[in-house]
Amino acid sequence: MTSAEEKAYTEEDIRNRIKPLSQNGFVRFFQNIVRRWLGMWYGFAEKKPRLAYWIYKVGFFCAFSISVTLWQFIIMTFLPYAFESLNRGAAGWPMIPIPSAGGRNFTIFGDENGWGYFIAFEIAVFTAQCINFPLQRNITYKSHGNPWLQAMWYFIGWVLVSVGTNALWGVCNAYLLHWGSPHVLNGLIKTLITGLVSLIVFFFIFMIIFPDNDKAASRAKAKYEKLVGAGASAERLEKAEQKMNRWKEKADLYNAEKEESRLKSLASTQAIKYFAFAKALDSAEEKLEKLKEGVAPEDKIFKAESKVISCREKKAKSFADAVEAAGKVKKYGA
C-alpha cells in the first residue's frame, strides 16, 4: 500500500472498523475477550493455515458434541419422572436374562425399569441431534450441500447411535441395577456411553455429508480432465463438467464467506490494537510530564522517556497494520 493510500485513512476511519460494544458491562467484558482471542487466532491461522483448519474443525465438533451430551444428561435425569406411569418394570425386546446380573434382562428396545425410561432416552438423544445437526452443518463445516440429503444421512446416524447405545446400555443397565447403583449415576454412565458412541458414529457420518469443498472440487476437476483425456462420450463429459462446476461454486462460496469473516474480524482486531497503543502512549506521556514537573531522578525520567518512545513506535506500527487490514477489507469488497 502506497503512502498516498495510507493518508486516505484517518483515526476515525480506523475507529469505524470496530463493531460497537454492548452497553451491558457483563456482555462487554466477554466481547473484549472474544476480540482478543480472534486477533490471536487469525494471526496463527495466517502462519499455520492447515493446522488452524483442523483445530477449528475438531474444536467446534467436540465443543458441540459435549454440549449436546450435557443436554442429554439433563433430559435423562428428569424426564423419566414425566412417564412415571409407564415405569412398571422390565419391558422391551429381546428380554434375555443375564444370570450373573441376578437375572436382570438384556434389552435393546426397552428398559429394565420400564418404557418410561426408554422413551425419555430416545427423546433426549433425538432432541440433542436436532440441536447438534444445524450447529455442525452451519458453523463447524459451513456446508452448502443439500440439507434434506444431509438430514437423511444424519437420521441414519441417529438410528445407528440409538441401536448401538441401547445394545451397550442393555448390558450395563442390568449389572448396575443388580448392584443397586443410584439413578443419577446410571444416567451419567448412560450419557457418557451415548456421547462416546455418537462421537464415533457422527465423525464418520460428517465425513460423508460434509465433505471438504476444496478437495471435492479438485477431485471433480481431476475426474473431468481424465475423462477428456480418455475421449469419453459427450454425455459423460457433460455430467462430469456439471459436477465439477457445482463443487467449484460450493468451494468458492465457502472460501469467500471464510475470507470475508476473517478480513472483517482482523480489521476490527487491528483497530482495537491501535487504540490500545494510543491509550498507552497517552498514559506514558502523562507520566513523563509528571516526573519532569516533580524533578524526579534522571534514571526514572530516562525509563519514562524510553517507554514513550516504545509506545510511539508501537502506535505507528499498529496504525500501519490497521490501515493495511482496512485496505484489504475495502479491496475485497467486504
Side-chain angles (χ1 to χ4, degrees), residues 1 17-19 30-70 131-145 150 153-154 157 195-222 244 247-274 276-277 314 317-318 320-329 331-334:
M1 185 174 290
R17 288 292 169 190
I18 304 175
K19 293 180 181 178
F30 286 101
Q31 283 180 322
N32 281 319
I33 292 176
V34 170
R35 285 181 174 181
R36 290 190 181 93
W37 181 85
L38 284 175
M40 291 187 292
W41 169 253
Y42 284 120
F44 170 77
E46 282 188 330
K47 295 177 182 177
K48 305 284 185 180
R50 197 61 191 168
L51 180 59
Y53 168 84
W54 282 108
I55 290 175
Y56 176 90
K57 286 283 172 67
V58 174
F60 273 104
F61 174 76
C62 292
F64 292 144
S65 298
I66 292 170
S67 297
V68 297
T69 300
L70 178 61
I131 297 169
N132 195 36
F133 175 70
L135 291 175
Q136 300 286 12
R137 181 181 186 273
N138 298 321
I139 297 177
T140 305
Y141 293 90
K142 298 183 185 295
S143 174
H144 296 284
Q150 291 171 341
W153 274 103
Y154 201 85
L196 180 61
V197 173
S198 299
L199 199 69
I200 295 170
V201 172
F202 282 118
F203 177 80
F204 292 102
I205 291 287
F206 288 156
M207 290 178 68
I208 298 172
I209 65 177
F210 302 137
D212 185 300
N213 293 303
D214 288 324
K215 287 184 178 179
S218 297
R219 285 196 296 266
K221 183 180 180 181
M244 177 183 70
W247 277 114
K248 186 178 183 303
E249 288 175 4
K250 290 178 183 179
D252 289 345
L253 180 58
Y254 170 77
N255 290 327
E257 288 178 348
K258 184 172 69 173
E259 184 65 6
E260 180 181 358
S261 176
R262 186 186 74 83
L263 288 175
K264 284 183 175 180
S265 181
L266 190 60
S268 177
T269 301
Q270 293 292 2
I272 292 169
K273 188 184 293 184
Y274 165 72
F277 282 128
K314 289 178 179 178
K317 184 181 183 304
S318 63
D321 291 341
V323 167
E324 183 181 0
K328 287 180 180 179
V329 174
K331 185 178 179 180
Y332 192 79

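Hydrogens, waters and symmetry mates play no part in the numbers below; they use all other heavy atoms, side chains included. Here, residue 1 is the first one in the sequence, and each next residue gets the next number.
When every heavy atom of Q270 is checked against every heavy atom of A325, the shortest pair comes out as CG-CB, 4.0 Å. The shortest heavy-atom contact between A267 and V329 is CB-CG2, 3.8 Å.
Separation of atoms CD1 (I208) and CH2 (W153) is listed at 5.0 Å; rounding is to 0.5 Å. Q136 CD to K142 NZ: the interatomic distance, rounded to the nearest 0.5 Å, is 12.0 Å. Summarising the geometry, atom CG belonging to N213 is positioned 10.5 Å from atom OG belonging to S218; distances are rounded to the nearest 0.5 Å. With rounding to the nearest 0.5 Å, the separation of CD in E249 from CE in M244 is 10.5 Å. Rounding to the nearest 0.5 Å gives a distance of 7.0 Å between CZ of F202 and CG of N132. Here the straight-line distance linking atom CD of Q150 with atom CZ of R137 works out to 4.5 Å at 0.5 Å rounding.
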| field | Y56 vs I139, side chain to side chain contact (heavy atoms under 4.5 Å, CB included): CA-CA, chis, key distance, verdict | value | CA-CA 10 Å; Y56 176 90; I139 297 177; 4.0 Å; yes
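Counting heavy atoms from C-beta on, the side chains of Y274 and V323 never come closer than 4.5 Å. Residues K57 and T140 are in side-chain contact: their nearest non-hydrogen atoms beyond the backbone lie under 4.5 Å apart.
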Return a table of donor-acceptor pairs under 3.5 angstrom between the side chains of residues 59-67 and protein atoms on other chains or two or more places apart.
residue : atom : partner : partner atom : Å
S65     : OG   : F61     : O            : 2.7
S67     : OG   : A63     : O            : 2.8

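Within a 6.0 Å radius of OH in Y53, other residues, nucleotides and ligands contribute more than 12 heavy atoms.
A search for side chain to side chain contact (heavy atoms under 4.5 Å, CB included) contacts involving D214 returns D212, A251, N255, not counting sequence neighbours.
A cation-pi geometry, defined here as NZ or CZ lying under 6.0 Å from the six-membered ring centre and within 45° of its normal, holds between K250 and W247.
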